[in-house]
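Each residue takes its place number in the sequence, starting with 1. Whatever order the structure lists them in is the order used to number ligands and atoms, beginning at 1. Nothing here was measured: the structure is a model prediction, and the numbers come from that model.
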Amino acid sequence: MNILGTCDLAVVGGGASGLMCAFTAASEGCSVVVLDGNRQAGRKLRITGKGRGNVTNRCTVDDFMKNIPGDGRFLYSALNRFSPEDTISFFEENGVPLKTERGSRVFPVSDNANDLADCLFRLCREAGVRFLRTRADSILLTDSAVSAVHTAEGTVNCRAAALCTGGLSYPLTGSDGAGYVIARSLGHRVTDLRPSLVPLESDDPWCAQLQGFSLKNVTLRAYEDEKLVYRELGEMLFTHFGVSGPLVLSASAHMRRFGSSRYRLEIDLKPGLDEDRLDARILRDFSASPNKQLVNILPGLVGRSMTPVVLQLSGVDGSLPAHDLTAEKRGSLRRLLKAFPVSVRGTRPVEEAIVTSGGVSTKEVNPRTMESKLVKGLYFAGEILDLDAYTGGFNLQIAWSTGRVAGESAGKQLKEGDL
Ligand SMILES: Cc1cc2nc3c(=O)[nH]c(=O)nc-3n(C[C@H](O)[C@H](O)[C@H](O)COP(=O)(O)OP(=O)(O)OC[C@H]3O[C@@H](n4cnc5c(N)ncnc54)[C@H](O)[C@@H]3O)c2cc1C
């Protein structure tokens, strides 16, 4: 068998968590090899935050937990070990000044996510990490402990391996789910894999009719059966398949039971006005031009693109002059503007999602070390784990914290000769 190299720790995947893990273990004095099929390290990291890199969220660990759907307790130890504040200090001390924006989202001052990836890559190189441009297909064990990583070109002999292969989303970045196959082959359970932070599909014909039309300063409400599960002010847009944009992606993270639950959305197109004030505004607009056709007045209220859809859904005849609008029809219009309906058929495929929900079961991973409870010398970090969060920099922070802990504990165990 062709031997590609020998090292203490082989890190499979050179994304956010893999680079952090590799640098940390190398700083502990271990020899580290990173395997990744990509020509450039941190390919997904470079496109995060629309290329601006929302690197973390400046918040306490308790507030962080509120941004993890489901049970985030597994992360307590890792977040306390390497917190959002630690991430901020880490990048700033290593030459990437950061700034905090609305919602405590933290970005490089340069607005350039490449700076994050370049920084980590440089630190890895300086710490002596070797990079191999190849993909792992399996991890080999000797006496139930990690002994090598196998690739199509040969093997890398190692005493420990960290699986940092990410999820299933945006597979062109290299995260195509191969790590789950490797984890399963080693006996690990992988929970259901589903898209999260993903656009939503709708059967409503008006979505396609409005495709490309974006809404700013609207409130989106999402209902699971009839329970309100999400409500937020922001931006969204209509597409040929349904709806997308920041509000929709965030709402999707609260929709985790397609199949057993029904979901629907409501858009408050006028969140700044309660029903009475909106009624007064409609009356004012309409009485200013009593003889004008409604179809020509409504654009002032909802925009030209939405006018035909609003007329159709409210059952108002657009050819009527404003003074002919009955109080009843005005009520329909008002209710529609406060609760524009969008039914939800499902999500777009996981390949179009920002993150994958589900992954290697955290029950089989030690939360203090990120080491497998099943295989000696095997570590996990990042999105491959059954962990995900809402938008705001939380997903990258999961990668930093788990990568840091995996690198530290592998490094420590290797130094102490435990592996
Ligand atoms: C468009 C987009 C924007 C995002 N923006 C943000 C944001 O602003 N803030 C935020 O917090 N999160 C954001 N995320 C989520 C965040 O990028 C991920 O959660 C994070 O990158 C996960 O890190 P990771 O190291 O686990 O995986 P990745 O960064 O996906 O890295 C995994 C690496 O493993 C490699 N790999 C896979 N299989 C193999 C194999 N068999 N052998 C060798 N290598 C392999 C891949 O090539 C890849 O380089 C965004 C995601 C997307 C898609």
Problem - For atom 28 (P) of ligand 1, closest protein heavy-atom neighbour - result: S175 OG, 3.9 Å

Exercise for the section: With heavy atoms only and a cut-off of under 4.0 Å, state how D36 meets ligand 1: side chain, backbone, both or neither. Expected result: both

Completion exercise
At under 4.0 Å between heavy atoms, what of C164 touches ligand 1? The answer is backbone

Problem - Geometric cation-pi criterion, R330 with F286: 6.0 Å, 45° - result: no

Problem - ligand 1 versus K44: contacting region, heavy-atom distance under 4.0 Å - result: side chain

Practice task
Determine, using heavy atoms of S169 and all atoms of ligand 1, whether some pair is separated by less than 4.0 Å.
Solution key: no

Handout entry: Pairwise salt bridge (Lys or Arg N to Asp or Glu O under 4.0 Å) hits with a residue in residues 362-379, at least two apart
Key = none

Practice task
Name the closest protein heavy atom to atom 18 (C) of ligand 1, giving the residue it belongs to and the distance to 0.1 Å.
Solution key: E383 OE1, 3.2 Å

Fill in the blank from the handout: Counting heavy atoms under 4.0 Å, the part of S17 that contacts ligand 1 is both

Handout entry: Protein heavy-atom partner closest to atom 40 (C) of ligand 1 - residue, atom, separation in Å
Key = A136 N, 3.8 Å

Exercise for the section: Please confirm whether L45 comes under 4.0 Å of ligand 1, counting heavy atoms of the residue only. Expected result: no

Fill in the blank from the handout: heavy-atom search around atom 9 (N) of ligand 1 in the protein gives N54 O, 3.0 Å

Problem - Non-neighbouring partners of F64 that pass ring-ring contact (aromatic ring centres under 6.0 Å, His included), sequence neighbours left out - result: F394

